[in-house]
Each structure stands twice: as structure tokens, then as C-alpha cells.
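All remarks here apply to the structure that follows.
No hydrogens, no waters, no symmetry mates; every other heavy atom, side chains included, goes into these values. Treat the numbers as computed from the prediction; the structure is a model and nothing was measured.
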Amino acid sequence: MSVPLALLALAAGGASAQSPGVIATGTMGTTNPPQATMGTAVNQTSMARLISLNSVDDWCIFAPPDAGVTIGESEAFEVAWCTQARNNARVIPDGVVTGASFIKTDFYVELKAYGDFTKLNLQDQDFGDQSFEEWMSFISYNQVCFRICTNANDTWSAGVMCEHKLDEMGCNFVMPGNYDFNGTFESCDGEVA
């Protein structure tokens, strides 16, 4: 499935009649294309913020547009960095990502990755998070994890599936799972954790 973050929630299916699923309320923003677009020109100075998690080799994350700021300082203006040219976003350079794990469940898609994210303007030893309604992201100089919640039902809301109150605990705590994948790239269907 190739659906951008802003539209992913609208495309999710399987919700009950009492719980209509996940509906994003944010806008695409003035720096983004009007719709998801593959194959856009590489623009390493782009300020676009439209991201997506589609597969182990087709995903985007947020990172600072310039070096010299921490995640906490840049949270409000971070930009999209993608593994493929899309949505006028910046492209993650070859060799930055050293391992990735993509998981798809009935309630969310999730990406965990290792790499040298100082090449995406993160400071060495820095870490932080971002979250909004139906998604959460945690990034550090050497690890990233991102979850987009795509469904809800009578028992579990998107807010529960993308719980982010414990963000200071980091990826391993908030998104449990296999973290022994550095050096490999894997993709699987999974159960809700």
C-alpha cells in the first residue's frame, strides 16, 4: 500500500460501525504537494513535511532541516526525509540506513531502523520524539522508530495504539519487538503489540 501519512488514516478499512476508524484532522501544509507524488525531483533543501510508511524500502521520517539544533529545538519545523524520491521531500542518502524492520498489523504500520542519522542533521548523542493524533515517531542519532495507526474499533482507539505519553522511554519501551536486526532489512505482518 502506498499511502502518505496525511491520507493513510482515510484509507484504512476494517473499523466497526460504532468506531469509524482513524480520521486525520491535520492539513497537508503549505510546503507539501496537493497529493502524494512518487518520483519527484531530488530536493535536499526541501521544507516538505509529508511522510509515509509503505514498506521496508519505501518510508520517510522527520529530521531537522539544518544541522546545529537538537530534536527538541527543531520539533516544530522538522522536514521529511524519504528513502525514495517522493512528495518533494529530501532523500535519505545511500549508506545512512544500516538496518530496517517494517511491520504491518491490523491497527498500525511500524518502522524501526538503525543508521547514522547525523547525516540527516541530527546531533551526535541527540534523541527526541514527535507525535500527533494517530502517529508517533522517536529518533536518535543512531535509531528511529515510527508508528502510524490506521484503524480503531470498539475497544482500541488510534490514541491507544499510538500511545505516546511515555516517549522519554524510547523506541524499545514504547514499540516493543525485535531490535536485533541491524545489518538486515526485514518486513512482516504482525500482531498488535
Within the 6.0 Å centroid threshold, strictly below: F185 and F102: no
4.5 Å side-chain heavy-atom contact, I51 and W59: no
Heavy-atom closest pair, residues A85 and T40: CB-O, 3.2 Å
Row check, Y179 ring normal vs K112 NZ/CZ: under 6.0 Å, within 45°: yes
Heavy-atom closest pair, residues M175 and M136: CE-CG, 3.7 Å
Test item: S46 side-chain N/O and N88 main-chain N/O as donor-acceptor pair under 3.5 Å: yes
Side chain T83, main chain D57, donor-acceptor under 3.5 Å: yes
Trace of the side-chain contact (heavy atoms from CB on, under 4.5 Å) decision for I139 with L122: CA-CA 9 Å; I139 189 166; L122 272 81; 3.6 Å; yes
Inter- and intrachain pairs under salt bridge (charged side-chain N to carboxylate O under 4.0 Å, His left out), touching residues 171-186, at least two apart: none
Check: T98/N182 side-chain N/O donor and acceptor closer than 3.5 Å: yes
Pairing residues for Y141 by the side-chain contact (heavy atoms from CB on, under 4.5 Å) criterion, not counting sequence neighbours: T118, D124, Q125
pair V174-F138: side-chain heavy atoms closer than 4.5 Å: yes
Qualifying residues under side-chain contact (heavy atoms from CB on, under 4.5 Å), relative to N142, sequence neighbours excluded: S140
Close side-chain approach of N43 and R90, heavy atoms under 4.5 Å: no
Over all atoms of both residues, closest heavy-atom pair of P176 and E110: O-OE2, 4.5 Å
F146/W135 aromatic ring centres below 6.0 Å: yes
N/O donor-acceptor pair under 3.5 Å between T70 side chain and E73 backbone: yes
side-chain contact (heavy atoms from CB on, under 4.5 Å) between K104 and T150, worked out: CA-CA 10 Å; K104 181 181 177 188; T150 58; over 6 Å; no
Other residues, nucleotides, ligands: >12 heavy atoms within 6.0 Å of Q44 CD: yes
Heavy-atom side-chain proximity of F107 to C149 below 4.5 angstrom: no
E191 side chain to T105 backbone, donor-acceptor under 3.5 Å: no
N121 side chain vs P64 backbone, donor-acceptor pair below 3.5 Å: yes
